[in-house]
Amino acid sequence: MSADDDMREALDTFVTEARDLVQQLEDGLLELEAHPSAAETVNTVFRAAHTLKGSSGLFGLRHLVQFTHVVETVLGSVREGDLGVSPGLVSSLLPCADHIGAMIEGLAAGRLEPDAAQAAEGARLLAALEPYLPDGQGALATDGADPAGGDPAPERAWRLSLRFGPDSLRNGMDPLSFLRYLASIGTVSRVSTDAAALPAAEEMDPETCYLAFEVELLSGAPKEEIEAVFEFVREDSDIRIVPADHQLDAYVWAIRAMPESDRVGDVLIGSGVVTELEMTEALRIQQEQAARSGTQPVPIGEILVEHGIVPRPIVDAALNRQRKTTESRSQDTTTIRIDAARLDRLIDLVGELVIAQSSTGLRAGAGEAQGEVMRLVDEVRHSALALRMVPIGTTLRRFERVVRDVGVELHKEVSLVITGGDAEMDKALVERISDPLLHLVRNSLDHGIEAPAERQRHGKSGQGTLRLNAYHDAGSIVIEVSDDGRGLDRERILAKAVERGVVAAGAVLSDQEVYDLIFEPGFSTAETVSNLSGRGVGMDVVRRNVTALRGSIEVDTARGVGTTIRIRLPLTLAIIDGFLVGVGSASFIVPLDRVTECVELPPGPLGRDCMNLRGEVLPFIRLRELFDIPGEPARRQNVVIVEQSGQRTGLVVDALLGELQTVIKPLGVLFSRLKCISGSTILGSGEIALILDVGPLVADHSEREHLLRARPAA
Amino acid sequence: MAKTILIVDDSASVRQVVSIALKGAGYDVIAGVDGKDALAKLNGQRIHLIISDVNMPNMDGITFVAEARKLPAYKFTPIIMLTTESQEEKKRQAQAAGARAWVTKPFQPEQMLSAVAKLIAP
Amino acid sequence: MTTRELRRVALDGELTIMTAAESKERLLTALPGSGGLRVDLAGVEEIDTAGLQVLLLTRREAESMSLPFELTAPAPGVAAVLALAGLTTAEEQ
């Protein structure tokens, strides 16, 4: 029998088999209409479509493959529980079974392609299935049957270092077989076997692979194809494919001739010297290293060289290409790198200059020249602080990869839109806000944005959108993480809060108060803990981190429309807008953003630690007592009212000395255990003022009060 | 001497087309209609490569592969599993059972031939 | 000076992972007390990396005992594999 006869016979088998499968499909669909949740039937129907697709592919029946792929995808959603069986769905699918049947009968009559009427019918049926499809999964990417014609690619020389995993042989993977296969995609010009790893005779396990090979290959195939030769052993082996030494110049020249790009990776992939797979692997190594050492990531070029993926001259050429891009783009704003410590020293000095200058200003009746000096000093201070400022865009753009990877993992399609990337903030702050932002982004991807099928059921586009936006507002920087997902579920949050004892049952809360509950410790509404954001790090940690940076966080949400988390941070940690107060001879600075108002301490006898503020009980702290400051209190004392986490507390002081902007000097290590003081500053008079850390101050105080009350007899 | 390949798939047309392609490339082919049937064919005869579908009646591909690996004559035989894009979990199970190579359905006969050629010469 | 004769070992069938343990045993035990090995490969139909490793190991052991090690009469397919690893046969020498 000839091969043609064999194929004709196989086609007959296919027709018989397919008729049977179409029948199963039809019976199953009818069965489903009667019992929409019969899991076994769903499986049978799905498998019928699946097998039909698989076999059609073997015979190169592209129309059938494409058509059954769509049917299979819809049935797959049903099987996964993403899509319910409705009469509408069954009515759309039944004619599809008929259509497949008609195609099969055509095949039996010798027609391999659908006729025009059938093709039109197929398109119409698929259009009717469109609403049931997860976004973008309809069309099956069919690689063109005809391989790209045109000129054959020029041959290039490659050096392959192949170190197979010790278990390769036991897994049935014979290195020699792969070497033999290489000859089918190019010319193997040299092979050398490295047997150095062969152990002593008695220790040598005859089933373990000890050999490594160096191969020189001349091939016109793209690197991806050479890489694919080793796809089955890639995981357990060390496979390196680099251009042969004498080929390096050719790559360097090719890269020089390439269009500009701002990413080294794109340049390298574009030149064909690195594959996407290798780049992904290198990026993974880069991230892992950075995470392990807690330092800035090593440049990707270095990793590629270090791991023997790309020779250094080629990386250097790509870096040059990139540098040129940056240079030509930024024209006159050339940048230099400065050691952060030097910058800090400069800012420190400028801070002292400001202080020294203000003390001279205090004494002399400022002449015109002195006014000019003051203005210049002020400007110097501003420019010095600006040196620490970096655009936040770099940090935000890092999330592109996170969004992409997490999206793939969760089978969600999400596009990331970044706006306001050129808003600047203190470098130290940028670094410290990165983790909280990462958490928020993952949270949005995980809990906010719905699966494509669910989105479509709610009439949204299957693709979700995550927005990162940054802008300056009244001396702060605001960073927003918004999604167009399902929004917060007020009732569920409230129920959970009651269950956890965070709020009393029956409490009446405003919407905003309910939404703010998500920032409470140990609060997570996700019923299933996913492996992304459910790792015990909650929104409370995010809020704590933000508060530690003297920032605030709030949430805006609308059911079914989306959620925006808004972080507001000071532009820098180096200066602070403060409110200067005096107690005896000591001075303190209260961060201005914590101060809500100042009142006079009512005269006469008071409760031990609270006063009446417009009919409300206001607890207060006497700073004189707290810090053991000697001397008599002033005759008329004042109360600075601060707010922390919605709780208001008064600080009793002698004198209110007014607002000022001041440079923070961190406390030395000796004082690092002081909980209520966050830093110090030198006043114009040369005196030192301590900066109060309102959070711990208020928290500590209420804790002490509790203890005192618990032991009234003591 | 031509090498022998065992193809296991419950679809007769898949078995037939794959057999035709492999024979055309110079291999000897025997076929099994499901895991149970294939296991019975592993009677000690030399088989150089096993190609197996995953979802099959009677005995699925993963169980079959795990069973085959327990037989001394087939503990090192290379195995190609026929998978679908959406079967990551199955793939992990198959890997644990001893398979290392994959061909994704639907495939063209040429794709199968190239996967086979990487593992054994005719 | 007496030169002991090369000991002849004939391998046949498969020289693969299926037989590697057995081949290793045969070749290595044949070395001590011999005047070197002459391995006849005429009957070998198939060789893989496991088989190649065993030959390389035996050659190394022979060299460490300063004994000659020869391979003879491989089929063309087997000879091609040997060449990859720099194993030459007696005929080529």
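Just so it is clear, the model here is predicted, and its values are computed rather than measured. Order of the sequence lines fixes the chain letters, A, B, ..., with proteins taken first and strands second; residue numbering starts at 1 for each chain.
In this structure, chain B has a heavy atom under 4.5 Å from the side chain of R180(A), while its backbone stays farther away. Both the backbone and the side chain of S114(B) come within contact range of chain A, with heavy atoms under 4.5 Å apart. For A115(B), the parts sitting under 4.5 Å from any heavy atom of chain A are the backbone and the side chain alike. Within the 4.5 angstrom heavy-atom criterion, atoms from both the backbone and the side chain of S11(B) approach chain A. Only the side chain of R69(B) comes within contact range of chain A, judged by heavy atoms closer than 4.5 Å. Using a 4.5 Å cut-off between heavy atoms, L169(A) contacts chain B through its backbone alone, with no side-chain atom that close.
Qualifying ring pair (Phe, Tyr, Trp, His ring centres under 6.0 Å) partners for F59(A), counting only residues two or more places apart in sequence or in other chains: F14(A). Under the side chain to side chain donor-acceptor pair (under 3.5 Å) criterion, R111(A) pairs with no residue, sequence neighbours left out.
The distance from atom CZ of F232(A) to atom CD1 of I80(B), rounded to the nearest 0.5 Å, is 5.5 Å. Here the straight-line distance linking atom OG1 of T51(A) with atom CG of D10(B) works out to 6.0 Å at 0.5 Å rounding. Atom CG of N55(B) and atom CZ of R47(A) lie 5.0 Å apart (nearest 0.5 Å).
Looking at Q16(B), its side chain never comes within 3.5 Å of a backbone N or O of T13(A) through a donor-acceptor pair.
Residue E17(A) comes nearest to S13(B) through the heavy atom pair OE2-OG, 2.7 Å, listed as atom of the first residue, atom of the second, then distance.
Considering only heavy-atom pairs separated by less than 4.5 Å from chain B, the leading option among S56(A), S177(A), A228(A), G57(A) is S177(A). Per-residue counts of heavy-atom pairs under 4.5 Å with chain B were compared for D174(A), V229(A), L11(A); the largest is that of V229(A). Interface summary for chain A: among D53(B), T77(B), I120(B), V14(B), the most heavy-atom pairs under 4.5 angstrom belong to V14(B). Among A99(B), P78(B), G98(B), the residue with the largest count of heavy-atom pairs under 4.5 Å with chain A is P78(B).
The 12-atom threshold is not exceeded at CZ of R163(A), counting heavy atoms of other residues, nucleotides or ligands nearer than 6.0 Å. Under a cut-off of 6.0 angstrom, the local environment of CD in E276(A) is sparse, with at most 12 non-hydrogen atoms contributed by other residues, nucleotides or ligands.
Under a cutoff of 6.0 Å and an axis angle of 45°, K118(B) and F178(A) do not form a cation-pi pair.
Using a 4.5 Å heavy-atom threshold, the side chains of L58(A) and P106(B) count as separate.
Under 4.0 Å is where a charged nitrogen must lie from a carboxylate oxygen, and between D236(A) and R100(B) at least one such pair does.
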